[in-house]
Amino acid sequence: MSVLLEFSMFPTDKGESVSPYVSQVIGLIRDSGVSYQLTPMGTVIETTELGEALAIVEQAAQLLGDSGCQRVYSSIKLDIRADKDGRLGQKIRSVEEKIG
């Protein structure tokens, strides 16, 4: 099974620049050992179980709360496929092959 979860998460009560808080979330993802890809608007992670992906989101919210954030915004998208794995890079390669 492959679970691709794309999310963004940041505090809304810490001013204009929230990169110090986003960096903490990315560190958590990196340290979790899951495959991930950082983008300008969010981060995509790949796990083999839905619960594992959602646990990372929950840990990220807790991390921001522990860092003094009183209000956190998050956007989450899921793509769950039972018959494939390793899709984080494969989906991009597939499109790049088609466009040349």
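Because the structure is predicted, anything quoted here is derived from the model rather than measured.
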Any side-chain heavy-atom pair from Y73 and V18 closer than 4.5 angstrom?
no
Atom pair OG1/CZ of T12 and R71 - distance to nearest 0.5 Å
5.0 Å
OG on S67 to CD on Q62, rounded to 0.5 Å
10.0 Å
List the atom pairs, donor and acceptor, that lie under 3.5 Å between side-chain atoms in residues 93-100 and the rest of the protein, sequence neighbours left out.
residue	atom	partner	partner atom	Å
R93	NH2	Q90	OE1	3.4
S94	OG	K98	NZ	3.0

Please name the pair of heavy atoms, one in D85 and one in E46, separated by the smallest distance, quoted to 0.1 Å.
C-OE2, 3.8 Å
Is there a side-chain contact between M41 and S8 (heavy atoms, below 4.5 Å)?
no
Testing the basics here: between I26 and Y36, what is the closest heavy-atom pair and its distance to 0.1 Å?
CG2-CE1, 4.3 Å
For residues A53 and T47, report the shortest heavy-atom separation together with the two atoms involved.
CB-OG1, 3.5 Å
Nearest heavy-atom pair of A60 and F7: which atoms, and what distance?
CB-CE1, 4.3 Å
Is there a side-chain contact between V57 and M9 in this structure, where contact means two heavy atoms from C-beta onward sitting under 4.5 Å apart?
yes
Co-membership, hydrophobic cluster, residues L4 and I92, 4.5 Å side-chain
no
Can you tell if the side chain of L50 reaches within under 4.5 Å of the side chain of L5, non-hydrogen atoms only?
no
Rounded to the nearest 0.5 Å, how far does CD1 of I45 lie from CD of Q37?
13.0 Å
Among residues at least two apart in sequence or on other chains, which ones pass side-chain hydrogen bond (donor to acceptor under 3.5 Å, both in side chains) with R30?
none
Side chains of L88 and V44 in contact at under 4.5 Å (non-hydrogen atoms)
yes
Say you draw a straight line from CD1 of I29 to CG of L63; how long is it, rounded to the nearest 0.5 Å?
10.0 Å
4.5 Å side-chain heavy-atom contact, V25 and L64:
yes
OG/S17 to CZ/F10 distance, rounded to the nearest 0.5 angstrom?
12.0 Å
What pair of heavy atoms forms the shortest contact from I56 to S32, and how long is it?
CD1-OG, 3.8 Å
R81 side chain vs R87 backbone, donor-acceptor pair below 3.5 Å
no
